[in-house]
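Heads up, the thing below is written out as structure tokens.
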2 protein chains.
Amino acid sequence: MNSFTEENYLKAIFKLSQKTNDGVSTNAIAESLETKASSVTDMIKKLSEKKLVNYKKYQGVSLTKKGKDIAVSIIRNHRLWEVFLVEKLNFKWDEVHDLAEDLEHINSKKLTNQLDAFLEYPKYDPHGDPIPDKDGNIHRHQDITLADLKLNEQGIVVGVKEHSKSYLNYLESINLVLGTEIKVKEVVDFDRSMSVTINKENTVNISHQASKNLIIKRS
Amino acid sequence: MNSFTEENYLKAIFKLSQKTNDGVSTNAIAESLETKASSVTDMIKKLSEKKLVNYKKYQGVSLTKKGKDIAVSIIRNHRLWEVFLVEKLNFKWDEVHDLAEDLEHINSKKLTNQLDAFLEYPKYDPHGDPIPDKDGNIHRHQDITLADLKLNEQGIVVGVKEHSKSYLNYLESINLVLGTEIKVKEVVDFDRSMSVTINKENTVNISHQASKNLIIKRS
DNA sequence: ATATATTTTTAGATTAGTCTAAAAATATTT
DNA sequence: AAATATTTTTAGACTAATCTAAAAATATAT
Ligand SMILES: [Mn+2]
Ligand SMILES: [Mn+2]
Ligand SMILES: [Mn+2]
Ligand SMILES: [Mn+2]
């Protein structure tokens with residue numbers, strides 16, 4: 001039906017349109033897919049032909065209902081496969097993204113739904129990202145990060161906003177995995193770094209770069 | 001590294017070379033991949049460039065060590081995924097082949113080996129085909145079919161030589177699944193059809209077309 | 001409001017895989 | 001051994017996705 005490439009464009013447009021209110025720009029898509037603006041224009045025309053995106057020259061692009069449904073189902077696949085790899089095949093959370101990038105394109109409603117059932121309908125993937133349900137509904141959590149917490153406030157780590165191997169590895173090395181309880185003990189005004197207590201046990205120093213990418217649920 | 005297309009050619013050449021002693025013909029590959037002979041020639045040249053096949057114009061083609069290793073690893077993937085789909089996701093044996101055709105191209109040694117472990121190192125796929133081990137060794141069973149059995153001989157169904165949905169569905173409808181014990185009660189000379197007893201319970205009539213595709217282990 | 005910078009689109013080329021039609025090589029008949 | 005049939009290869013064209021370079025549109029600065 002749609003090529004891998006088309007699906008990747010739809011997914012990229014979906015993710016970018018979460019961040020802005022108006023149309024997604026050609027350049028933004030190009031950057032996100034590591035391709036050139038001219039290639040993006042070509043593909044947008046094709047997706048527009050297929051009624052998967054709304055497009056007016058120079059005006060940016062948005063997904064149609066049809067396009068959005070496809071994007072969400074691919075994201076559902078991606079996150080379910082990540083859960084599978086971590087929960088069933090003993091992969092670490094920093095190893096699964098690239099494989100899921102391939103697996104997400106295996107197109108079978110039955111496969112996706114059986115996998116979902118086999119995994120017992122997980123709500124979140126290994127990085128805390130919400131898994132769209134069968135009907136495409138996504139329950140996204142609040143966008144509070146550790147950097148938003150004030151002195152002595154505390155919360156639970158529920159996700160990450162940055163998915164690079166190096167960040168995930170670093171977090172694991174200081175025991176900052178999903179579910180960890182965290183409390184702010186000190187905030188340095190100068191560089192916005194923090195001292196935080198992890199699980200009421202050890203205390204570590206965290207840069208602003210690191211804290212602003214940790215999604216927290218106040219507790 | 002190699003495209004899906006290249007991998008499919010390697011797999012096709014591997015399977016065809018099991019059946020003959022000398023080189024695989026261009027036409028045979030074309031038929032097996034449902035493409036044209038001219039396309040095959042083009043691809044063979046490319047695979048030859050990459051040292052994955054041995055090729056002399058007009059002489060047919062054979063796999064190099066490198067090409068064979070790739071082919072076998074794809075077959076390993078294919079069969080492991082089929083086991084996964086049947087054993088873990090409750091698919092029927094006639095529903096898994098097409099999905100496995102896609103999944104087999106997900107290229108990750110770690111994924112394959114972890115999947116193998118998760119499935120507890122299965123020796124055969126849902127159609128009785130042997131699963132190559134980590135090192136590419138394949139233990140193929142004897143090539144005796146039900147059609148080879150004489151009157152009053154008996155055996156266990158261990159595989160099928162034909163993988164079409166219609167054939168697999170038919171077998172299931174008469175309870176002829178893997179592991180079934182089968183005994184020849186009558187052979188009709190005229191059309192080589194047979195009467196056979198299944199699991200010492202019911203007796204059914206089977207055409208030669210059906211019996212020659214059932215792989216049997218004498219018992 | 002003009003000039004300058006940035007973004008987006010177009011024009012034209014490239015690569016992988018495919019196809020049809022024709023030519024070349026090999027195999028089969030007579 | 002020559003004629004005929006079959007198989008394989010080549011030549012040339014097509015599509016999807018990409019790129020570079022240049023043109024057109026839009027945004028920003030003076
Ligand atoms: Mn991911
Ligand atoms: Mn994820
Ligand atoms: Mn199969
Ligand atoms: Mn099989």
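Within every chain, numbering begins at 1; the chains are lettered A, B, ... in the order of the sequence lines, protein sequences first and strands thereafter. Basis for what follows: all heavy atoms, side chains included, without hydrogens, waters or symmetry-related copies.
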- Query: Over how many whole Å does the gap from B:Lys45 atom NZ to C:dA16 atom P extend?
  - Reply: 14 Å
- Item | Sugar-phosphate, base or nothing in reach of B:Lys56, heavy atoms under 4.0 Å | nothing
- Message: At less than 4.0 Å, is any side-chain N or O atom of B:Tyr58 found next to OP1 or OP2 of D:dT6? Yes or no.
- Response: no
- Note on the structure: What residues 16-41 of chain A contributes to the DNA chain C interface at heavy-atom separation below 4.0 Å is A:Ser25, A:Thr26, A:Asn27, A:Ala37, A:Ser38, A:Thr41
- Report the distance from atom CG of B:Asp42 to atom P of C:dA16, rounded to the nearest whole Å. 12 Å
- For the residue pair B:Phe84 and A:Phe84, does the interplanar ring angle fall in the parallel (under 30°), tilted (30 to 60°) or perpendicular (over 60°) class? tilted
- Would you please confirm or rule out a distance under 4.0 Å between OP1 or OP2 of D:dT26 and any side-chain N or O of A:Lys57? no
- Query: Which part of the nucleic acid, if any, lies within reach of B:Phe4 when heavy atoms closer than 4.0 Å are counted: base, sugar-phosphate only, or nothing?
  - Reply: nothing
- Determine: side-chain N/O of A:Tyr9 to OP1/OP2 of D:dT18, distance under 4.0 Å, yes or no. yes
- Query: Would you call the rings of B:His127 and B:Trp93 parallel, tilted or perpendicular if under 30° counts as parallel and over 60° as perpendicular?
  - Reply: parallel
- Item | Contact check, side chains of A:Val86 and A:Asp125, non-hydrogen atoms, under 4.5 Å | no
- Query: Which is it for A:Leu149 and A:Val196 under the side chain to side chain contact (heavy atoms under 4.5 Å, CB included) test, yes or no, and what are the steps along the way?
  - Reply: CA-CA 11 Å; A:Leu149 292 194; A:Val196 299; over 6 Å; no
